[in-house]
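Here the structure comes first, spelled out in structure tokens, and everything after it is commentary.
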Amino acid sequence: KRLIGWTAVGILAVVISFVVDKPTLVLSAAILICANEVDFERIKKCTIIFNVIYIVIIVGACITGFIPDLVFDHNTKIAHSFGFYYYSTLSSIILMISLIAFSLKGKNSCSYPRILLLTFINGIVYVFSTTRLTFYLYLLTVFLVIVIQKKEWISVKNTKSIRILAVLAF
């Protein structure tokens with residue numbers, strides 16, 4: 001039954017990729033089908049690892065001068081791109097890594113040392129890239145992690161409170 005379903009998804013992806021003339025859609029469908037057999041936690045951990053390696057390589061190449069650092073003037077502040085095309089790219093990637101780190105299962109996924117480390121990293125990126133939105137979204141996430149998971153001020157079993165939080169976030 002699963003094999004028939006995934007075969008149908010694969011055939012549909014091939015047909016749609018020919019219709020819209022996007023051959024990369026077949027690759028995306030193949031990755032989705034293959035990821036069906038992999039534990040989602042492993043996918044999240046690999047995402048964090050490869051994004052950190054990616055950032056270290058790009059920022060390291062920028063600091064050493066191999067990649068230019070684009071500088072943007074914001075009236076009173078200067079924003080650095082650190083080798084990326086736009087200055088908000090690095091802060092968006094760091095925000096994504098932080099959110100994935102909070103979503104990992106286990107005792108240490110939302111521990112206070114991890115929260116402090118990620119806050120420090122997000123703060124440094126905020127100072128150099130001057131992107132307030134991603135930093136404020138991170139702080140909101142930390143606040144919600146502390147309120148919901150650490151202090152248990154809002155019951156996770158109460159689906160009404162979670163729905164209200166989801167609507168407010170939307």
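One is the number of the first residue; the rest follow in order along the sequence.
- Phe135 has its side chain out of reach of Leu95: every pair of non-hydrogen atoms, C-beta onward, lies at least 4.5 Å apart.
- Checking Ser98, Ser91, Ser92 one by one against Ile94, the side chain to side chain contact (heavy atoms under 4.5 Å, CB included) holds for a single residue, Ser98.
- In terms of hydrophobic clustering, with Ile, Leu, Val, Met, Phe, Trp and Tyr side chains grouped at heavy-atom distances under 4.5 Å, Ile49 and Leu118 are assigned to different clusters.
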Between Ile55 and Ile97, does a side-chain contact (heavy atoms from CB on, under 4.5 Å) hold up when you go through it step by step?
CA-CA 11 Å; Ile55 287 173; Ile97 291 171; 3.8 Å; yes
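- No side-chain heavy atom of Asn122 sits less than 4.5 Å from a side-chain heavy atom of Leu139.
- In this structure, Phe66 has no ring-ring contact (aromatic ring centres under 6.0 Å, His included) partners at least two apart in sequence or on a different chain.
- If you chain together hydrophobic residues whose side chains sit under 4.5 Å apart, Leu90 and Ile57 never meet in one group.
- Ring geometry, Tyr126 versus Tyr136: the interplanar angle falls from 30° to 60°, so the pair is classed tilted.
- Contact detail for Asn51 and Thr47: the closest heavy-atom pair is ND2-O, 2.8 Å.
- Both Ile93 and Leu117 are members of a single hydrophobic cluster when ILVMFWY side chains are connected at heavy-atom separations under 4.5 Å.
- Remark: Ile48 CD1 to Ile53 CD1 distance equals 12.0 Å, nearest 0.5 Å.
- Every salt bridge (Lys or Arg N to Asp or Glu O under 4.0 Å) that Lys44 has, sequence neighbours left out, goes to Glu41.
- Nearest approach of Ile115 to Tyr138, heavy atoms of both residues: O-OH, 3.2 Å.
- In the hydrophobic clustering of ILVMFWY residues, with side-chain heavy atoms under 4.5 Å counting as a link, Leu116 and Leu137 come out apart.
- In the hydrophobic cluster analysis, where Ile, Leu, Val, Met, Phe, Trp and Tyr join through side-chain heavy atoms closer than 4.5 angstrom, Phe120 is grouped together with Ile100.
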